[in-house]
Amino acid sequence: FTKAVRTGGLQEHLELDIKEAVRSLKFAFPNVAKELESLAKSPNIENLIKIKEILVDLFRQEQNSVASKILRGVIVNIDEKLQEKLDLLYLSYVNSKLKKPITMQQLREIKPFHWVIAFPDIIKNGNSGFEVMIGNPPYGDILSKIEKEVTSVLFNCYNGEIASLFVEQSANALKEGGYFSNIITYAITFSKSLSKNREMIYNNFNECHISTYDRDKCRIFVGVTQSVSIIVCDRKKSGSKCKFYTSTFFREMSEDKRRFFNSIRYQLANDYLINEKVGVPITKTHRLPKIGDNESLSILNKILKNKLTIKESLERTTKKVKIWIRTSGNYWYNSFDREPYKSSEVKPFYVPDNLKFFFFVLMNSNLFYLWFRIFGDGRHMNLDILESFPIPSDEMINKSQDSLKEKGELVIKDLFDNFDKQRELFNTSRVKQTIDKCDVLLARMYGFNEKELDYILNYDKCIRGGKQI
């Protein structure tokens, strides 16, 4: 529909009666009234846009004069008529796409926004558009049933998240070479349902920078507890292969926000999209990692030198033992040798017998927490992210088995020694020293150097307490 309006493909259906508007302008602006009268004789899209442009330009010149009231009334009057006519066209267009047609009353409940009315000087033809678009779209699954039916056939990327519509529309409304930026739900990075949005960005922009902020100590808006990302897409160019640069998943923000934002580091993330493995193409369903620091990138690369994933290790063996995992976290993720308490978020997980202690060490470690901060939402232990984690070779596992058993048993003991039965809560911060010892072992198995190990031990120091050994 937007393209049709831009190019005049629906011109023959438009009618615009502005006689009343012309009469009201004849005295104050006789030349303008004459020009409008001439344009109104051929009520096509091109002339419709010219009429609106003339009136808006005139209003800008006369906005402090008495005549501005007349102009404002004329513009409102024309807008109302345009809205009515375009609603009719839009209803016809929407119903041509829907399996079950909707009524005009249902359409008006949606309150369609016609860009050609609001921005006639921008939406002129197929090559026009905005140079810059900036916004803060709503987040979540908040559309009505009718809105979902309509948007699902009009947009390519919609999959339940309303913010995805704003990203797609921003890209559509930009001219070539244009930029857009949103403060948006942080799901733009980790959510698989937004894969099509990221693919659309990949195909239409040169670069995209995304920085991501946790809700607790990184509040972008005062008084609002919401995890968000700031996305900046620059230099729209159809057929591009966009480079995605991402920051770390920030836990805290300094009071000097200007200095903080200017110091943000980004890493190229295209090669680290994750699904069943890290490195899937943008055309597949995926999650976009939040990398940022050089240390995160080097740690990630060393992990990925190991090709066998947890999922593949589970598939290749039938001899498994049951462990328990907590499928939600925030500051800590855990695995146990027994069910710690009854909860929908504590679930059994079956692992190869020879990897049992490796799982106790890994899933309670700082390294595992870092992995989930890079790929996840910072709350849930998604199984696909867990199963994509590469594990060391059989030779390394076997060589480290005694150390894995020692550290695995120790971390389980310390966790249960610090379990509050009444509140059904682990005081995991008291076990940080033992957790750090697990990471020392993992550093040896994955080949991390001292600098990388320190980075892991001190990751999110503000809430996990930092290095304890």
K.L.:
Has the side chain of Ser247 got a donor or acceptor atom that lies under 3.5 Å from a matching backbone atom of Ile264?
P.N.:
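Absent.
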K.L.:
Any donor and acceptor pair, going by atom type alone, linking the side chain of Ser400 with main-chain N or O of Ser403 inside 3.5 Å?
P.N.:
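Between the backbone of Ser403 and the side chain of Ser400 there is no qualifying donor-acceptor contact (under 3.5 Å).
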K.L.:
Quick check on Asp402: does its CG atom have over 12 non-hydrogen neighbours (other residues, nucleotides or ligands) under 6.0 Å away?
P.N.:
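Count not over threshold, so no.
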K.L.:
Would you call Lys237 and Glu176 a salt bridge, using N to O less than 4.0 angstrom?
P.N.:
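Judged by the 4.0 Å cut-off on N to carboxylate O distance, Lys237 and Glu176 do not form a salt bridge.
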K.L.:
Aromatic rings Tyr446 and Phe389: how do their planes relate, parallel, tilted or perpendicular, breaks at 30° and 60°?
P.N.:
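If you compare the ring of Tyr446 with that of Phe389, the planes turn out perpendicular.
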K.L.:
How far apart are the closest heavy atoms of Gly378 and Arg373, and which atoms are they?
P.N.:
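Closest approach of Gly378 to Arg373, heavy atoms only: CA-NH1, 3.7 Å.
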K.L.:
Assess the side chains of Glu147 and Ser144: does a donor N or O sit below 3.5 Å from an acceptor N or O?
P.N.:
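Indeed, the side chains of Glu147 and Ser144 share at least one donor-acceptor pair under 3.5 Å.
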K.L.:
Under the 3.5 angstrom rule, does the side chain of Lys320 hit a backbone N or O of Leu314 as a donor-acceptor pair?
P.N.:
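Side chain of Lys320 to backbone of Leu314, a donor-acceptor pair under 3.5 Å: yes, one is there.
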K.L.:
Over all heavy atoms of both residues, which pair between Asn330 and Arg251 is shortest? Give the atoms and the distance, please.
P.N.:
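Minimum heavy-atom separation between Asn330 and Arg251: O-NH2, 2.7 Å.
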K.L.:
Side chains of Asp439 and Tyr459: do they bring a donor and an acceptor to under 3.5 Å?
P.N.:
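The criterion, which ignores hydrogens and geometry beyond distance, is not satisfied for Tyr459 and Asp439.
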K.L.:
Are any side-chain N or O atoms of Asp420 and backbone N or O atoms of Arg423, one a donor and one an acceptor, separated by less than 3.5 Å?
P.N.:
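Yes.
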K.L.:
Would you sort out whether Met363 and Ile325 count as a side chain to side chain contact (heavy atoms under 4.5 Å, CB included), showing the intermediate values?
P.N.:
CA-CA 8 Å; Met363 295 180 68; Ile325 62 174; 3.3 Å; yes
K.L.:
Take the angle between the ring planes of Tyr333 and Phe372 and call it parallel below 30°, perpendicular above 60°, tilted in between.
P.N.:
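Ring orientation, 0 to 90° scale: tilted.
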K.L.:
May I ask you to check whether Arg287 and Thr189 show a side-chain donor-acceptor distance below 3.5 Å?
P.N.:
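Thr189 and Arg287 do not have a side-chain donor-acceptor pair below 3.5 Å.
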K.L.:
Which heavy atom of Ser328 sits nearest a heavy atom of Glu345, and at what distance?
P.N.:
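It is OG-OE1, 2.6 Å.
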K.L.:
Keeping the roles fixed (side chain from Asn206, backbone from Arg235), state whether a donor-acceptor pair exists under 3.5 Å.
P.N.:
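It does hold such a pair.
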K.L.:
Quick one: does Ser170's side chain have a donor or acceptor within less than 3.5 Å of a partner on Phe180's backbone?
P.N.:
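Not confirmed, Ser170 side chain does not pair with Phe180 backbone.
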K.L.:
Do you see a donor-acceptor pair shorter than 3.5 Å between the side chains of Tyr139 and Asn136?
P.N.:
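Yes, side-chain donor-acceptor contact under 3.5 Å.
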K.L.:
Hey, are Asp417 and Arg430 close enough for a salt bridge, meaning a charged N less than 4.0 Å from a carboxylate O?
P.N.:
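Looking at Arg430 together with Asp417, the answer is no, because their closest N to O distance does not fall below 4.0 Å.
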K.L.:
Could you give all pairs that pass the ring pair (Phe, Tyr, Trp, His ring centres under 6.0 Å) test and reach residues 145-176, with sequence neighbours left out?
P.N.:
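Sorted result for residues 145-176: empty, none.
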K.L.:
Step through the shown structure and confirm whether more than 12 heavy atoms of other residues, nucleotides or ligands are within 6.0 Å of NZ on Lys243.
P.N.:
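Atom NZ in Lys243 is not packed in, count stays at 12 or less.
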K.L.:
Would you check if there is a donor-acceptor pair between the side chains of Tyr245 and Ser211 at a distance under 3.5 Å?
P.N.:
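There is no such pair between these side chains.
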K.L.:
Side chain to side chain contact (heavy atoms under 4.5 Å, CB included) between Ile385 and Asn382: does it pass, once the steps are laid out?
P.N.:
CA-CA 5 Å; Ile385 302 177; Asn382 306 89; 3.8 Å; yes
K.L.:
State plainly whether the residues Asp414 and Lys407 are in salt-bridge range, i.e. N to O under 4.0 Å.
P.N.:
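Result for this pair is no, no salt bridge flagged.
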K.L.:
Would Ser298 and Tyr455 satisfy side chain to side chain donor-acceptor pair (under 3.5 Å), going step by step from the backbone distance to the final call?
P.N.:
CA-CA 11 Å; Ser298 63; Tyr455 180 83; over 6 Å; no
K.L.:
Step through the shown structure and confirm whether more than 12 heavy atoms of other residues, nucleotides or ligands are within 6.0 Å of NZ on Lys432.
P.N.:
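Yes.
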K.L.:
Determine, stepwise, if the pair Leu288 / Phe190 fulfils side chain to side chain contact (heavy atoms under 4.5 Å, CB included).
P.N.:
CA-CA 5 Å; Leu288 179 70; Phe190 65 80; over 6 Å; no
K.L.:
Is the number of heavy atoms from other residues, nucleotides or ligands within 6.0 Å of NZ (Lys192) greater than 12?
P.N.:
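More than 12 heavy atoms, drawn from other residues, nucleotides or ligands, come within 6.0 Å of this atom.
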K.L.:
So, does Lys236 use its side chain to make a donor-acceptor pair with the main chain of Leu174 at under 3.5 Å?
P.N.:
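Indeed, once roles are kept as given, a pair shorter than 3.5 Å links the two residues.
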K.L.:
Can you find a heavy atom in the side chain of Cys233 that is under 4.5 Å from one in the side chain of Ile231?
P.N.:
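Counting from C-beta outward, Cys233 and Ile231 do come under 4.5 Å.
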K.L.:
What pairs with Asn203 under side chain to side chain contact (heavy atoms under 4.5 Å, CB included), at least two apart in sequence or on another chain?
P.N.:
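Once residues adjacent in sequence are excluded, the partners of Asn203 under the side chain to side chain contact (heavy atoms under 4.5 Å, CB included) criterion are Glu199.
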K.L.:
Can you measure from CD1 (Ile374) to OG1 (Thr248) and round to the nearest 0.5 angstrom?
P.N.:
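It is 7.5 Å, given to the nearest 0.5 Å.
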K.L.:
Looking only at heavy atoms, which two atoms of Ile122 and Phe130 are closest? And how far apart?
P.N.:
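Closest approach of Ile122 to Phe130, heavy atoms only: CG2-N, 3.7 Å.
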K.L.:
May I ask you to decide whether Lys342 forms a salt bridge with Glu339, counting only side-chain N to carboxylate O separations under 4.0 Å?
P.N.:
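Yes, charged N to carboxylate O under 4.0 Å.
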K.L.:
Distance alone, cut at 3.5 Å: any donor-acceptor contact between the side chains of Asn294 and Gln267?
P.N.:
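Looking only at side-chain atoms, Gln267 and Asn294 do form a donor-acceptor pair, the distance falling under 3.5 Å.
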K.L.:
Could you go step by step and tell me if Thr212 and Thr246 meet the side chain to side chain contact (heavy atoms under 4.5 Å, CB included) rule?
P.N.:
CA-CA 8 Å; Thr212 304; Thr246 62; over 6 Å; no
K.L.:
Is Lys277 salt-bridged to Glu312, going by a charged N under 4.0 Å from an acidic O?
P.N.:
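Answer for the salt bridge query: yes.
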K.L.:
Check whether more than 12 heavy atoms from other residues, nucleotides or ligands sit under 6.0 Å from atom NZ of Lys148, and answer yes or no.
P.N.:
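Yes, because the 6.0 Å sphere around NZ of Lys148 holds more than 12 heavy atoms from other groups.
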K.L.:
What is the ring orientation for Tyr202 with Phe244, classed by angle as parallel under 30°, tilted 30 to 60°, or perpendicular over 60°?
P.N.:
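Ring orientation of Tyr202 relative to Phe244: parallel.
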K.L.:
Tell me if the aromatic rings of Phe368 and Phe359 count as close, with their centers under 6.0 Å from one another.
P.N.:
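That pair fails the under 6.0 Å test.
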K.L.:
Indicate, with yes or no, if the rings of Tyr213 and Tyr186 have centres closer together than 6.0 Å.
P.N.:
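Ring-ring flag for Tyr213/Tyr186: false, centres at least 6.0 Å apart.
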K.L.:
Give the minimum heavy-atom separation between Asn182 and Val167, together with the two atoms involved.
P.N.:
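Shortest heavy-atom contact: OD1-CG2, 4.3 Å.
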K.L.:
For a side chain to side chain donor-acceptor pair (under 3.5 Å) with Lys467, tell me which candidate from Asp436, Asp454, Asn366 qualifies.
P.N.:
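Running side chain to side chain donor-acceptor pair (under 3.5 Å) over Asp436, Asp454, Asn366 with Lys467 returns exactly one hit, Asp454.
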K.L.:
Roughly how far apart are Glu295 CD and Leu300 CG, rounded to 0.5 Å?
P.N.:
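Interatomic distance, Glu295 CD to Leu300 CG, rounded to 0.5 Å: 13.0 Å.
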K.L.:
Any salt bridge linking Asp337 with Lys405? Criterion: basic side-chain nitrogen under 4.0 Å from a carboxylate oxygen.
P.N.:
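Looking at Asp337 and Lys405, the cut-off is not met.
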K.L.:
Should the heavy atoms of other residues, nucleotides or ligands under 6.0 Å from CD of Glu409 be counted, would the total exceed 12?
P.N.:
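More than 12 heavy atoms, drawn from other residues, nucleotides or ligands, come within 6.0 Å of this atom.
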K.L.:
How close do Phe205 and Ser240 get, counting heavy atoms only, and between which atoms?
P.N.:
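It is O-CB, 3.2 Å.
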K.L.:
Taking atom CD as the centre, does Glu315 end up with more than 12 heavy-atom neighbours from other residues, nucleotides or ligands that are less than 6.0 angstrom away?
P.N.:
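More than 12 heavy atoms, drawn from other residues, nucleotides or ligands, come within 6.0 Å of this atom.
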K.L.:
With the side chain counted from C-beta on, respond yes when Thr309 and Ile391 share a heavy-atom pair under 4.5 Å apart, and no when they do not.
P.N.:
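Side-chain contact under 4.5 Å: no.
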K.L.:
Nearest 0.5 Å, what's the CD1-CG distance between Ile299 and Leu367?
P.N.:
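Reported value, rounded in 0.5 Å steps: 7.5 Å.
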K.L.:
Would you say the side chain of Leu308 lies within less than 4.5 Å of the side chain of Pro390, judging by non-hydrogen atoms?
P.N.:
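When only atoms from C-beta onward are counted, Leu308 and Pro390 do not touch, as no gap falls below 4.5 Å.
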K.L.:
Quick check: does any side chain N or O of Ser164 sit under 3.5 Å from a backbone N or O of Glu161, one acting as donor and the other as acceptor?
P.N.:
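Flag set: sc Ser164 to bb Glu161 pair under 3.5 Å.
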K.L.:
Hey, would you say the Tyr369 and Tyr331 ring centroids sit under 6.0 Å apart?
P.N.:
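Aromatic pair excluded; centres sit 6.0 Å or further apart.
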K.L.:
Backbone N or O of Cys157 within a donor-acceptor pair of the Glu168 side chain at under 3.5 Å?
P.N.:
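Indeed, once roles are kept as given, a pair shorter than 3.5 Å links the two residues.
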K.L.:
Scan Gln106, Gln105, Met104 and name whichever one has a side-chain contact (heavy atoms from CB on, under 4.5 Å) with Arg108.
P.N.:
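Running side-chain contact (heavy atoms from CB on, under 4.5 Å) over Gln106, Gln105, Met104 with Arg108 returns exactly one hit, Met104.
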K.L.:
Does Lys290 reach the main-chain N or O of Phe249 with its side chain, forming a donor-acceptor pair under 3.5 Å?
P.N.:
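No, because the side chain of Lys290 does not come within donor-acceptor range (under 3.5 Å) of the backbone of Phe249.
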K.L.:
For Gln401, I'd like to know if atom CD has over 12 heavy atoms of other residues, nucleotides or ligands within 6.0 Å.
P.N.:
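Above 12, so yes.
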